[in-house]
Each structure stands twice: as structure tokens, then as C-alpha cells.
Amino acid sequence: MSYRVTFIDPREQYRRLKDEIDFAITDTLAKGDLVLRQQLRDFEKNLAEFVGVKHAIGVNSGYHALYFSLLAAGIGPGSEVITVGHTFVATVSAIVHTGAKPVLVDVRDDYNMAPDKFDAAVTPNTKAVIPVHLNGRVCDMDAIMAVANKHGLAVIEDAAQALGATFRGKRAGSFGLTGCFSFYPFKSLGGLGDGGAVATDNPEIARFATLMRFNGEDRLTGEIQYHGYTALLDNVQAAVLDAKLRHLPSWIQHRRRIANLYREGLEGVEGLRLPHFSSDQYFDSYQNYVIRTEHRDELRQYLTEQGVESLVHWAKPMWEHKGLGLENPGLPETESICREVISLPMSAETTAEQVEITAGCIRDFFASRPMLQRITAAR
Ligand SMILES: Cc1ncc(COP(=O)(O)O)c(C=O)c1O
């Protein structure tokens, strides 16, 4: 169906950046620079500088950034790795593929890891933790680092949704042993297809990821050091991402303005929870604008009928996907989040008019159903 307000519009981003993107692609192709060339090195240098770390290694996905980080931290069979139940499945699959056991804990009402739940889940087998900075908000990294340090655990940040977000002035991906980023097309910094990066201050981990992404080969000596993977960030992709990275700070400011417009348009609607949490230590980048209501399914249906596109991240807890073979860890907050969340249109191209239409529809939905508000208020 065609929507009045689309969730995201990649055509509009391309229209706005056409000259820069076309140049990045054609210049790279004209030079024949397809694999492991200057464009990749430039992007890695600029990304590392942006994140505030010494090294960034381009890989072909956020998943591989996580997987290589876990391997670099020595995670394998017999290890337990703690992460949250409310995350994209790739976070957990990366743990499973190392042979380690994923231990899932619950989140706080800002959708990020609850540090006390993390602490309580540590066992003698725990070797690492993956805090996930969801929706463009960094976890409480003071508390998480304190727990991790107390138990001597490696911290691998899943920063796939939080490039540019900060906690106490430090950027996502710069707290732990590594920070893992995704450049999947709909991320704040989205590529032409899949892509990702490992950010780290540790030169040995940077070298490990550099070799693992290229079938284990040390390109200087030709020596193959590990059984690696075919997992490069392609050069054309890197050139385009580098061009887009220059716009990221202003795009994040735009996302924050859009979030504020949603807030103005939706504040006071009974039965609706908005994603504006304590902000004194946090600078949120609003990868997603997620609202919460017990009437999620009816609201989503209404928005669709009104021509407003929305998404749900995620409609059922991971362990209900039987093919994953995960035990139900009993996480009440994660379960109610799955029933209640809905993500509204949010991107660097989202306009004030689109917010007005979307917020107007949501207000109409609740106004035409006063019973819903009373039922919610009574609970
Ligand atoms: C929280 C989170 N972790 C990991 C990933 C995996 O990234 P990729 O899709 O680039 O493998 C994503 C991407 O969707 C994500 O949102």
C-alpha cells in the first residue's frame, strides 16, 4: 500500500545527497579501488575519531562486529555471555555461534539493560556482557562497567543503534573492550547494503578483526593466521559511508528535533508512554522513536488505515521463536514491551508536517476511544 507518511524514505535521502553519493561511487569505481583501499582506511580513521577510539575496523555487518569481538575476548564453549532479552536476534546469535551460552536479562523502562539484573545473573562461567544501546540511547555505562569490573568480565557494546549517542559525554562504542556498529541501510548511518564496524582502543583486537574479516590472512606477510571469514566492508560502501558520516551530527540534531515535536504533539495523551527519559547524563540520538501503549495493535491498525506507516521492534520475545532453541528466561518487562511498543516514522528526512499528521492520528485514536483511556488509567 502507499502511505501518506512512510516510516523512512531512502529515495529522499539519495535525492538530497545525490551529488556526494554519486561522486563517492564513481570516483571509487574509476580508480578501480574495490577492496581494502584508501576509501576504507579513510572511513575507518574518520569513524574511529567520531566514536573517540583509536581503531575502527570495517566489516560486512553488525553481526560480524559482535562475533569477532566475542572471539577476540576468548569466548567459546563453556562460557556464558550476558545480554538483554530485548534486542535484535543478531546479538544473541553471535553468542550462540561462538559455542557460548547466552544468558538473557531484563531491561529498564528506557529499554536498556538493568544493571542490577545483570549483576544477579553473573555465575563463575560468565566471561562477558553485551550491553545493547537500544533506539539511540546509551546504557547506564557507569553501573554496567562497575559490575563488569567487579566480576572481571569483558564488555562488548552492541552500539548498532547508537552511533553518535553519548553517556556522560562519552560516545557509544567507546566504553568497553569493543563497540560494534551496524550500517544496515535503515540505521542512522546507513550504507547501500549490509555493513558494520568494530571500534576499539586495543591494537591486538583491531588486528584480530582485520585478519578475521579477510580469511585470516595477514596481508603484509601473506601468512594465514586463523580460520577466518569473508567479511570485509566493501570499498564502495566505505566511500559512501564516509560521505554520509560528515552529515551525521546534523542528522542526529534533526532526529532530536523530530523527537521533541512528537513530544509536543503527544504529551498528555493518557495511556501513552513516550521515550523521553532522564536526560542530564544522556544525549540520545533517536535511532527509533518508540511509544508504548496497551492498545498497540488497535493503534497500529488505525495508523495503517490512516496511511501512517509504523513498525514493531519486536512483536514477540526471542525465546518464542522455537527455531532458536532458547529457554524462556522469564523477563516480565521484555514481555510487556513486546506487547506494547510501536515505532513511529523517524529519520533524518522526517518532516515536521509528517510528525503533525502522525501525532494527530494518534490523538484522534485515543480521543475517539475514551474507554481505552479510562481502562488504562484504572490499571
Ligand atoms: C541492536 C542490534 N544489534 C545487532 C544488529 C546487527 O547488525 P547487522 O544487521 O548489521 O548485522 C542490529 C541491526 O539491526 C541491531 O539493531
Side-chain angles (χ1 to χ4, degrees), residues 66 69-70 73 75 79-89 91-92 94-96 100-162 165-180 273-284 287-288 290 292 313-314 316-320 326-341 379:
L66 288 162
S69 297
L70 288 163
I75 305 303
S79 312
E80 289 176 8
V81 178
I82 296 174
T83 191
V84 285
H86 184 53
T87 182
F88 183 53
V89 66
T91 318
V92 175
I95 299 170
V96 170
K101 178 180 172 201
V103 175
L104 306 182
V105 300
D106 222 342
V107 292
R108 309 188 303 193
D109 68 352
D110 67 355
Y111 307 109
N112 280 340
M113 180 177 275
D116 56 328
K117 301 279 174 11
F118 159 37
D119 199 9
V122 174
T123 74
N125 294 327
T126 310
K127 295 289 180 293
V129 60
I130 306 184
V132 182
H133 309 310
L134 209 67
N135 301 325
R137 181 176 175 85
V138 183
C139 297
D140 178 348
M141 289 309 286
D142 278 355
I144 286 171
M145 293 304 291
V147 175
N149 290 337
K150 182 172 79 174
H151 300 287
L153 308 178
V155 177
I156 292 163
E157 295 171 69
D158 183 337
Q161 297 196 5
T166 72
F167 174 69
R168 283 157 140 324
K170 233 170 116 59
R171 285 211 159 120
S174 67
F175 294 85
L177 186 64
T178 69
C180 301
R273 287 159 73 179
L274 305 180
H276 300 275
F277 312 104
S278 71
S279 60
D280 44 340
Q281 325 243 27
Y282 297 84
F283 176 86
D284 296 348
Q287 165 69 53
N288 301 309
V290 179
R292 205 168 156 178
H313 304 98
W314 294 270
K316 62 179 184 179
M318 216 176 304
W319 50 91
E320 287 184 14
L326 299 168
E327 275 166 32
N328 182 341
L331 308 179
E333 184 68 359
T334 298
E335 289 193 2
S336 67
I337 285 170
C338 288
R339 286 191 300 271
E340 295 178 1
V341 288
R379 283 183 187 177

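Throughout, numbering of the chain's residues begins at 1 and tracks the sequence.
Val96 and Pro102 get closest at one heavy-atom pair: CG2-CG, 3.8 Å. Taking each heavy atom of Gly136 and Ala165 in turn, the nearest pair found is O-CB, 3.4 Å. Nearest heavy-atom pair, Ala121 versus Thr126, reported as atom, atom and distance to 0.1 Å: O-OG1, 4.1 Å. Asp140 and Pro115 get closest at one heavy-atom pair: CB-CG, 4.5 Å. Of all heavy-atom pairs spanning Val341 and His313, the tightest one is CG2-O, 3.5 Å. The two residues Ile144 and Phe118 make their nearest non-hydrogen contact at O-CE2, 3.6 Å.
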Side chain to side chain contact (heavy atoms under 4.5 Å, CB included) between Asn112 and Val84: does it pass, once the steps are laid out? CA-CA 8 Å; Asn112 280 340; Val84 285; over 6 Å; no

What's the verdict on side chain to side chain contact (heavy atoms under 4.5 Å, CB included) for Met113 and Asp158, showing C-alpha distance, side-chain angles and the deciding distance? CA-CA 11 Å; Met113 180 177 275; Asp158 183 337; over 6 Å; no

Tell me, with the steps shown, if Lys150 and Asp119 meet side chain to side chain contact (heavy atoms under 4.5 Å, CB included). CA-CA 9 Å; Lys150 182 172 79 174; Asp119 199 9; 2.9 Å; yes

Verdict with reasoning, Val132 to Gln161, per side chain to side chain contact (heavy atoms under 4.5 Å, CB included): CA-CA 8 Å; Val132 182; Gln161 297 196 5; over 6 Å; no

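Counting only heavy atoms from C-beta outward, the side chains of Leu104 and Thr83 approach each other to under 4.5 Å. Proximity of Phe175 to Val138: side-chain heavy atoms (C-beta onward) are separated by under 4.5 Å at one or more points. Taking the side chain as every heavy atom from C-beta outward, Lys117 and Val107 never approach each other to under 4.5 Å. Using a 4.5 Å heavy-atom cutoff, the side chains of Ile156 and Cys180 are in contact.
At a threshold of 4.0 Å, the pair Asp109-Arg292 does not count as salt-bridged, since none of the basic side-chain nitrogens sits closer than that to a carboxylate oxygen.
Side-chain N or O atoms of Asp106 include one that pairs as donor or acceptor with a backbone N or O of Glu333 at under 3.5 Å. Between the side chain of Ser79 and the backbone N or O of Ala100, no donor-acceptor pair lies under 3.5 Å.
Between Met141 atom CE and Gln281 atom CD the span is 13.5 Å, to the nearest 0.5 Å. Rounded to the nearest 0.5 Å, atoms CD1 (Ile337) and CZ (Arg339) are 10.5 Å apart. Within the model, atoms NZ of Lys316 and OG1 of Thr334 stand 15.5 Å from one another, a figure rounded to the nearest 0.5 Å. Atom CD1 of Ile75 and atom NZ of Lys101 lie 14.5 Å apart (nearest 0.5 Å). Here CD1 of Ile130 is found 8.5 Å from OG1 of Thr178. Values are rounded to the nearest 0.5 Å. Atoms CG and CE, from Asn328 and Met318 in turn, are 12.0 Å apart once rounded to the nearest 0.5 Å.
Screening residues 130-139 for side chain to side chain donor-acceptor pair (under 3.5 Å) gives Asp110-Arg137, His133-Glu157, Asn135-Asn288, Arg137-Asp284 as the qualifying pairs, with residues at least two apart or on separate chains.
Note on ring orientation: taking the six-membered ring where Trp is involved, the planes of Phe277 and Tyr111 are perpendicular (angle over 60°, cut-offs 30° and 60°).
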